[in-house]
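Right, one structure below, let's go through it.
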Amino acid sequence: MAKPTPENTLSISAAFEFTSLDPSKNGYIFSRMQIIETLLDVDEKGALMPALASHWAISNDAKTWTFDIRQGVHFHDGSLLDAAAVVKSLKIALQKHGALRKAPIEQIEALGDHQVVIRLSSPYVVLGAVLANYANAILSPSAYAKDGEVLALSSTGPYQLYQFSPPHKLVVEKFDDYWGKKASIPYASYLTGHRAESRVLQARSGQADIVFGLDPASLPILKRLPNLTLHSNAIPRTIVIKLNSEYPFLKDIRARQALSDAINRVGIARGVLRTPGAETEQIMPTSMSNWHLNVPNKVSGGKAKAEALLAELGWQKNKDGYLEKQGEVFTVRLITYADRPELTTVATAIQAQWEAIGVKTKVDVTNSSAIPMGHQDGSLQAALIARNYGFIADPLAVLLADYGQNGGGEWGAMNWHNDAISRLLSELEQTTDAQTYRQKAQQVAQYIYNERPVIPVTSYVQQTSVSKRVKGFHFDPFERRFLLNEMELIR
């Protein structure tokens, strides 16, 4: 039997680590490597489309969802997909950490061998998008232990697991019994490249065929290499500063607005990220039009306005040039993480711009896990993060996690609450009329824009290098899959 070799293997490098076979924990890599699949999928515009469910219907009261399960689909262990397997996977997912737990699900049951019904206690318009999330992948019944622990990653994708070496290496093998477009590349490997420099080296040397998450500073060098093609793709991810709204210096909206005004977003987009036009004051990209306000983009920085707002709050510069009030210096600890190399350089630029208005700023580069930890223990003051608003196809699900909870969420607001937003988000969960949905979404966007629980900086552009030996590369803007089964290796 053939084994992986450099000639028959597509090699991929990106920054994501993985430690578990459980889709609820590390499904983002198993989805990208196309091992696992879900009931519904998402197209390039974020619209739901059939996957393991060939068709679905929603009752008039929007509380009953019926899914027709695709027939003739094999799991990697050889067994056939049926309604009972879907019900088992979803019931196990329901018990684990993830968006499905927040859905008002009363019952998940099989109707015969090829239909699944989900009954809700109240309408929940984002259920389809939640079911399309990798955490709710459908696995073979034999994949689970009695307690629901995942023992083997047997799913239905065009590739099956060949080698699992956490936290850095994963190899997949093409699955010949796949129900959809079959893969032509025999094997694909994934290698975690933590450091931006190592990923650039992998691209330059040809050690990796496809390298995601390149440092923008490396692009001019890579563009000159004849063996590579570079791709720049806008994605529904935004660089934002998460703020602790209970931190004494940030409690007042004017203080948060001042920090926002002091940021020269155009300079950061052009000079640091090398992506002119990426600057933004809104958390959502224009592609998510329901949630994007039609307001002028005041993004060039407003040092004078920032200083005036802080003076209103009683801050005056001391002999060292830092803002002081009642013997206290306005200080902010801004943490970020090195998994995404651009964040460190953006944080350094923001540090200089905040220092210019007198805010003493310390940047700490740490692990991404420090963000949720700092949120939970209350120690976080400010954090520069890359928030993925396409994590679930309908951004409402992400906003519910980030702003709908009391005080916010680990990757959203912190110690900030707005009764109107809570009410609107709750109403949106049950709003089926498109025009009403948009009106309420716009109101939510306006509150976040006005009150600055987080400060948006730039929209995100994914920088990827692809070897000339790869044919058919295509980027999924929702970063759900690498589309391995649509590529070929040129020999």
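Quick note: residue numbers are just sequence positions, from 1. Bear in mind the structure is a predicted one, so any value in this text is a computation, not a measurement.
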So, N136 side chain and V130 main chain: donor-acceptor pair closer than 3.5 Å or not? yes
Backbone N/O of N264 and side chain of Q353: donor-acceptor pair under 3.5 Å: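 Side chain of Q353 to backbone of N264, a donor-acceptor pair under 3.5 Å: yes, one is there.
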Would you say [X] and [Y] make side-chain contact, with heavy atoms under 4.5 Å?
X: H231; Y: T229; value: yes
X: M33; Y: F30; value: no
X: L334; Y: Q381; value: no
X: Q462; Y: F212; value: yes
X: I335; Y: L380; value: yes
X: R387; Y: V398; value: yes
X: L100; Y: N133; value: no

Between [Y] and [X], is there a side-chain donor-acceptor contact under 3.5 Å, judged purely by atom types and distance?
X: T156; Y: E37; result: yes
X: D22; Y: S20; result: no
X: K25; Y: H97; result: no
X: R274; Y: S232; result: no
X: N367; Y: S369; result: no
X: E451; Y: N418; result: yes
X: D68; Y: Q115; result: yes
X: R452; Y: S260; result: yes

Should the ring pair [X] and [Y] be called parallel, tilted or perpendicular, given that the plane angle runs from 0 to 90° and is split at 30 and 60?
X: Y337; Y: W411; value: perpendicular
X: W416; Y: Y403; value: perpendicular
X: Y437; Y: W291; value: perpendicular
X: Y190; Y: F482; value: parallel

Least distance between heavy atoms, A110 atom then A84 atom: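 Nearest heavy atoms, A110 then A84: CB-N, 4.4 Å.
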Between R119 and T64, which heavy-atom pair has the shortest distance, and what is it? NH1-CG2, 3.8 Å
Working to the nearest 0.5 angstrom, can you tell me the gap between I138 CD1 and I69 CD1?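 If I round to the nearest 0.5 Å, the distance is 7.5 Å.
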If you measure from the Lys or Arg side-chain nitrogens to the Asp or Glu carboxylate oxygens, is any gap between [X] and [Y] under 4.0 Å?
X: R254; Y: D252; answer: yes
X: E486; Y: K181; answer: no
X: R32; Y: D476; answer: no
X: E479; Y: R237; answer: yes

Give a yes or no on whether the ring-centroid distance for F249 and W315 is below 6.0 angstrom.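 Yes, the ring centres sit under 6.0 Å apart.
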Working note: H474 + E44, criterion side-chain hydrogen bond (donor to acceptor under 3.5 Å, both in side chains); need CA distance, chi angles, decisive distance, verdict. CA-CA 11 Å; H474 184 64; E44 290 188 355; 2.2 Å; yes
Are R480 and Y134 in a cation-pi contact, defined as NZ or CZ under 6.0 Å from the six-membered ring centre and within 45° of the axis? no
